[in-house]
Amino acid sequence: MSMTDPIADMIARIRNAIVARKSLVTIPSSRMKAGLAQILKQEGYIRSCEVRPDSKQGLLEIELKYDKDNRSAIEGMERLSKPGQRFYSSASDIPKVRNGLGVAVVTTSKGLMTDREARKQNVGGEVICSIW
């Protein structure tokens with residue numbers, strides 16, 4: 001059975017792992033998911049991400065980040081652009097997540113980047129998700 005929204009599946013798996021206090025999440029890999037995980041690592045929301053080969057498409061292993069009180073670095077994640085309703089935005093209209101305390105991930109003609117990078121490079125695109 002095919003999956004209609006793999007990015008939403010990735011976000012749900014990460015959210016479920018946080019609720020269960022897991023340290024490692026394994027997700028079927030793709031370039032988009034690996035790029036999203038790399039942005040999460042750059043922004044300090046996860047410890048590490050690595051693509052491991054398997055017999056199919058590869059597995060993306062994400063190590064989640066917790067503080068000394070066992071609270072996750074990720075408070076919430078939300079899918080903004082969905083397969084049934086895409087959400088495109090120009091550089092000046094890209095939404096700020098939690099007044100700049102969170103990050104929106106945008107896919108542009110120059111690749112996957114954060115909302116701050118997109119505004120800085122003055123490029124718009126599809127707003128994939130927001131993380132705070």
Side-chain angles (χ1 to χ4, degrees):
M1 184 172 184
S2 67
M3 191 180 314
T4 57
D5 192 0
I7 301 297
D9 176 65
M10 176 184 179
I11 290 170
R13 286 180 191 228
I14 291 172
R15 269 197 249 127
N16 290 341
I18 289 169
V19 169
R21 295 287 182 238
K22 300 283 184 183
S23 61
L24 194 68
V25 182
T26 305
I27 302 164
S29 183
S30 72
R31 282 187 295 181
M32 175 75 89
K33 291 179 196 175
L36 182 58
Q38 199 60 40
I39 288 176
L40 288 173
K41 184 179 175 186
Q42 274 178 295
E43 295 295 318
Y45 288 109
I46 61 173
R47 286 194 195 285
S48 66
C49 60
E50 187 175 337
V51 177
R52 298 209 185 263
D54 73 342
S55 61
K56 296 179 184 174
Q57 65 193 40
L59 295 172
L60 178 63
E61 289 186 351
I62 298 174
E63 186 180 354
L64 298 173
K65 189 176 185 179
Y66 296 96
D67 66 2
K68 60 182 165 106
D69 297 326
N70 208 22
R71 287 182 302 208
S72 174
I74 300 172
E75 280 186 39
M77 292 180 81
E78 183 181 19
R79 178 81 157 119
L80 296 175
S81 183
K82 300 174 174 96
Q85 184 175 11
R86 300 291 183 184
F87 177 43
Y88 294 97
S89 185
S90 64
S92 59
D93 295 333
I94 295 174
K96 285 190 177 181
V97 180
R98 304 277 168 135
N99 284 331
L101 297 176
V103 174
V105 179
V106 183
T107 180
T108 68
S109 58
K110 296 183 180 181
L112 208 60
M113 60 182 69
T114 65
D115 57 339
R116 284 180 293 244
E117 290 175 38
R119 278 190 217 92
K120 188 174 168 183
Q121 294 185 20
N122 198 27
V123 291
E126 185 180 356
V127 185
I128 301 294
C129 65
S130 61
I131 303 117
W132 63 92

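This structure is a prediction, so every number in the text was calculated from the model and none was measured.
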**OP:** May I ask whether F87 and W132 are part of the same hydrophobic cluster, defined by side-chain heavy atoms of I, L, V, M, F, W, Y residues being less than 4.5 angstrom apart, directly or through others?
**Re:** no

**OP:** Locate the shortest heavy-atom distance separating L60 from S29; write the atom from each residue and the value.
**Re:** N-CB, 3.9 Å

Original post:
At their closest point, which heavy atom of G35 faces which heavy atom of L112, and how far apart are they?
Top reply: C-CD2, 3.5 Å

Subject >> Shared hydrophobic cluster for V51 and L24 (ILVMFWY, side-chain gaps under 4.5 Å) >> reply: no

Original post:
Within the distance-only criterion (no hydrogens, no angle test), does the side chain of R79 pair as donor or acceptor with the backbone N or O of S81 below 3.5 angstrom?
Top reply: yes

**OP:** Give a yes or no on whether the backbone of T26 and the side-chain of E61 come within a donor-acceptor separation of less than 3.5 Å.
**Re:** no

Original post:
Is R15 reaching over with its side chain to a backbone N or O of M77, donor-acceptor style, under 3.5 angstrom?
Top reply: yes

Original post:
What is the distance from atom NZ of K96 to atom CZ of R116, rounded to the nearest 0.5 Å?
Top reply: 10.0 Å

**OP:** Kindly give the heavy-atom pair with the smallest separation between Q38 and C49, and that separation in Å.
**Re:** OE1-SG, 3.5 Å

Subject >> Minimum heavy-atom distance V25-A17, with the two atoms named >> reply: CG2-CB, 3.3 Å

Original post:
Run the side chain to side chain contact (heavy atoms under 4.5 Å, CB included) check on I62 and R13 step by step: do they pass?
Top reply: CA-CA 10 Å; I62 298 174; R13 286 180 191 228; over 6 Å; no

**OP:** Kindly check if the number of other-residue, nucleotide or ligand heavy atoms within 6.0 Å of CD (Q121) is above 12?
**Re:** yes

Subject >> Over all atoms of both residues, closest heavy-atom pair of I74 and I18 >> reply: CB-CD1, 3.7 Å

**OP:** Say whether, by atom type as modelled, one donor and one acceptor occur between the side chain of Y45 and the main chain of K65 under 3.5 angstrom.
**Re:** no

Original post:
Can you hop from V127 to M113 via hydrophobic side chains spaced under 4.5 Å?
Top reply: no

Original post:
Is it true that M32 and V103 fall in one hydrophobic cluster, defined by side-chain heavy atoms closer than 4.5 Å?
Top reply: yes

Original post:
Got a donor-acceptor contact below 3.5 angstrom from the T108 side chain to the G111 backbone?
Top reply: yes

Original post:
In Å and rounded to the nearest 0.5 Å, what is the CG to CD distance from D115 to E117?
Top reply: 9.0 Å

**OP:** Would you sort out whether I27 and K33 count as a side chain to side chain contact (heavy atoms under 4.5 Å, CB included), showing the intermediate values?
**Re:** CA-CA 9 Å; I27 302 164; K33 291 179 196 175; 3.9 Å; yes

Original post:
Would a distance-only check, ignoring hydrogens and angles, find a side-chain to backbone donor-acceptor pair under 3.5 Å from S89 to I94?
Top reply: yes

Original post:
Hey, does I11 have a side-chain heavy atom less than 4.5 Å from the side chain of I7?
Top reply: yes

Original post:
Taking all non-hydrogen atoms of both residues, which atom of L36 and which atom of C129 are closest, and how far apart?
Top reply: CD1-SG, 3.8 Å

Subject >> Stepwise side chain to side chain contact (heavy atoms under 4.5 Å, CB included) check, I14 with L40 >> reply: CA-CA 11 Å; I14 291 172; L40 288 173; 4.2 Å; yes

Original post:
Would you say the side-chain atoms of D69 pair up with the backbone N or O of R71, donor to acceptor, closer than 3.5 Å?
Top reply: no

**OP:** Please name all residues satisfying side-chain contact (heavy atoms from CB on, under 4.5 Å) with Y88, sequence neighbours left out, ordered by chain then number.
**Re:** R86, E126

Original post:
Would a hydrophobic clustering, with Ile, Leu, Val, Met, Phe, Trp and Tyr connected at side-chain separations under 4.5 Å, put V105 with V97?
Top reply: no

